[in-house]
Amino acid sequence: MRVRELHRWDLTPREAMRVQERLRARLVTRPLRGAVRCVAGGDIACCNRTGRLFAAVVVLRLPELETLEEVRVARGVAYPYIPGLLSFREAPALLEAFARLRCAPDAVLVDGQGQAHPRGVGIAAHLGLLLDTPTVGCAKSRLCGEHDEPGPEAGDSAPLFLGGHCVGAVLRTRRGVRPLYVSPGHLCDIASSVRLVLDCGGGYRSPEPVRRAHALVTRMRIEAGARDHSPPVARRS
DNA sequence: GCGACAG
DNA sequence: ATCTTGTCGC
């Protein structure tokens with residue numbers, strides 16, 4: 001699928017934050033239109049020892065949850081992990097994977113926040129703008145915002161508030177597990193986001209597209225690590 | 001200054 | 001995220 005170029009990636013943290021503030025104004029929050037038949041999931045894994053980063057995108061067909069396509073990308077780590085700037089570390093590799101995708105998904109689920117972000121532009125929102133496609137953030141833990149504990153049953157949720165507004169939902173995707181932090185990225189709203197995540201549920205904590213992408217990158221990291229015989233990469237003390 | 005802090 | 005062993009529970 002086509003990937004837009006809205007800015008550079010070799011930015012200082014300060015510059016990156018400024019880009020996020022500029023991108024925020026371009027986000028569109030509205031109900032998802034039409035039935036989602038084709039949904040993609042993206043995830044990243046990295047190896048501190050080799051300094052490699054692995055990205056994968058898996059496309060599924062709904063409601064069967066059948067895998068239609070997989071794309072894998074490996075490259076060197078080019079940006080550190082800084083809370084609030086995750087997309088500057090992970091998005092470039094994911095975008096390369098999306099660019100190689102043959103089919104254009106109706107929506108994309110990303111492992112990370114959507115608009116539940118200090119500047120409203122979590123990695124899912126950022127990718128949505130660059131892909132010009134509806135995106136939903138599905139994070140496994142909280143970055144910011146306040147909320148009550150959601151009910152214990154699958155499908156139970158509690159609103160996630162930030163700056164006096166509801167920006168997402170804390171969703172229990174199955175009983176007995178910690179909830180997911182779901183928030184719309186681009187071209188989507190909270191209700192549509194929650195609905196899509198539940199529609200992509202295959203009985204596990206994470207929605208199937210993200211879970212399968214995660215399984216792929218984990219396998220890539222292990223296999224690449226086993227092949228690598230070079231000494232550990234230099235790291236900061 | 002102190003605590004929080006997606007992956 | 002990654003580093004790691006065993007272990008509690010269905």
Side-chain angles (χ1 to χ4, degrees), chain A residues 9 13-14 16-17 20 23-24 27 41-57 73-95 97 108-128 135-147 152 154 160-163 167-171 173-186 193 197 203-207 209-211 213-226 228 232-237:
Chain A
W9 294 98
R14 184 171 186 169
M17 289 172 70
Q20 290 179 324
L23 294 177
R24 176 180 208 167
L27 287 173
D43 193 24
I44 291 281
C46 50
C47 180
N48 293 324
R49 183 171 65 81
T50 60
R52 299 289 289 175
L53 188 153
F54 308 93
V57 171
V73 168
R75 56 163 65 183
V77 170
Y79 207 86
Y81 167 67
I82 299 172
L85 298 181
L86 177 67
S87 60
F88 287 83
R89 174 181 175 83
E90 302 192 345
L94 279 173
L95 287 170
V108 176
L109 300 184
V110 183
D111 189 342
Q113 311 290 347
Q115 294 180 22
H117 176 280
R119 289 165 294 284
V121 195
I123 186 169
H126 200 154
L127 288 174
T135 52
V136 175
C138 310
K140 296 180 295 301
S141 63
R142 187 191 72 94
L143 171 61
C144 58
E146 308 82 43
H147 66 88
L160 176 62
F161 294 101
L162 181 62
V167 298
V170 183
L171 177 67
T173 52
R174 60 165 293 179
R175 293 177 46 183
V177 302
R178 283 179 301 144
L180 242 38
Y181 289 75
V182 178
S183 64
H186 184 44
S193 297
V197 168
Y204 293 88
R205 184 186 180 217
S206 294
V210 168
R211 196 178 75 86
H214 186 271
L216 269 187
V217 294
T218 296
R219 194 148 51 78
M220 290 172 72
R221 180 174 61 76
I222 293 173
E223 291 174 355
D228 187 86
V233 71
R235 290 180 54 192
R236 54 178 285 276
S237 66

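The chains referred to below are lettered A, B, ... by the order of the sequence lines, with proteins before strands, and numbering in each begins at 1.
The closest donor-acceptor contact from the side chain of A:Ser183 to the backbone of A:Gln115 lies under 3.5 Å.
At the heavy-atom level, A:Ala116 lies nowhere under 4.0 Å from the strands shown. Within 4.0 Å (heavy atoms only), A:Gln113 reaches at least one base atom of the nucleic acid. Contacts of A:Gly84 with the nucleic acid, taken as non-hydrogen atoms under 4.0 Å apart, include base atoms. Residue contacts shown for A:Ile123 include a base, since a base heavy atom lies under 4.0 Å away. Among the heavy atoms of the strands, none lies under 4.0 Å from A:Leu53.
Heavy atoms only, all atoms of each residue included: A:Cys138 and A:Pro207 are closest at SG-CG, 4.1 Å.
Between the CE atom of A:Met220 and the P atom of C:dT2 there is a distance of 12 Å, given to the nearest Å. Atom CG in A:Leu127 sits about 13 Å away from atom C1' in B:dA6, given to the nearest Å. Residue A:Arg119 contributes atom CZ, which lies 13 Å from atom P of B:dA6 at whole-angstrom precision. The separation between A:Ile222 atom CD1 and C:dA1 atom C1' is 14 Å, rounded to whole Å. Between A:Gln20 atom CD and B:dA6 atom P there is a gap of 14 Å when expressed in whole angstrom units. Atoms CG (A:Leu85) and C1' (C:dA1) sit 16 Å apart, rounded to a whole Å. At whole-Å resolution of the value, CG in A:Asn48 and P in C:dC3 are 7 Å apart. Rounding to whole angstrom units, CZ of residue A:Phe54 and C1' of B:dG7 are separated by 15 Å.
Both thresholds, 5.5 Å between centres and 30° between ring planes, are not jointly met by A:Tyr181 relative to the base of B:dA6, so the two rings are not stacked.
Heavy-atom neighbours of A:Arg75 CZ from other residues, nucleotides or ligands within 6.0 Å: above the threshold of 12.
The aromatic rings of A:Tyr181 and A:His147 sit perpendicular, their planes meeting at an angle over 60°, well past the 30° parallel limit.
Between A:Arg142 and B:dC5, a side-chain N or O to OP1/OP2 separation shorter than 4.0 Å is present. Taking 4.0 angstrom as the limit, A:Lys140 places a side-chain polar atom (N or O) nearer than this to OP1 or OP2 of B:dG7. Phosphate proximity of C:dC10 to A:Arg174: absent, as no side-chain N or O sits under 4.0 Å from OP1 or OP2. Using a 4.0 Å cut-off, no side-chain N or O of A:Ser141 falls inside it from OP1 or OP2 of B:dC5.
To the nearest 0.5 angstrom, A:Leu53 atom CG is 11.5 Å from A:Arg221 atom CZ.
Nearest nucleotide to the A:Pro83 side chain, out of B:dC5, B:dG7, C:dA1: B:dC5. For A:Leu143, the side-chain atoms get nearest to B:dC5 when compared with the rest of B:dG7, B:dC5, C:dA1.
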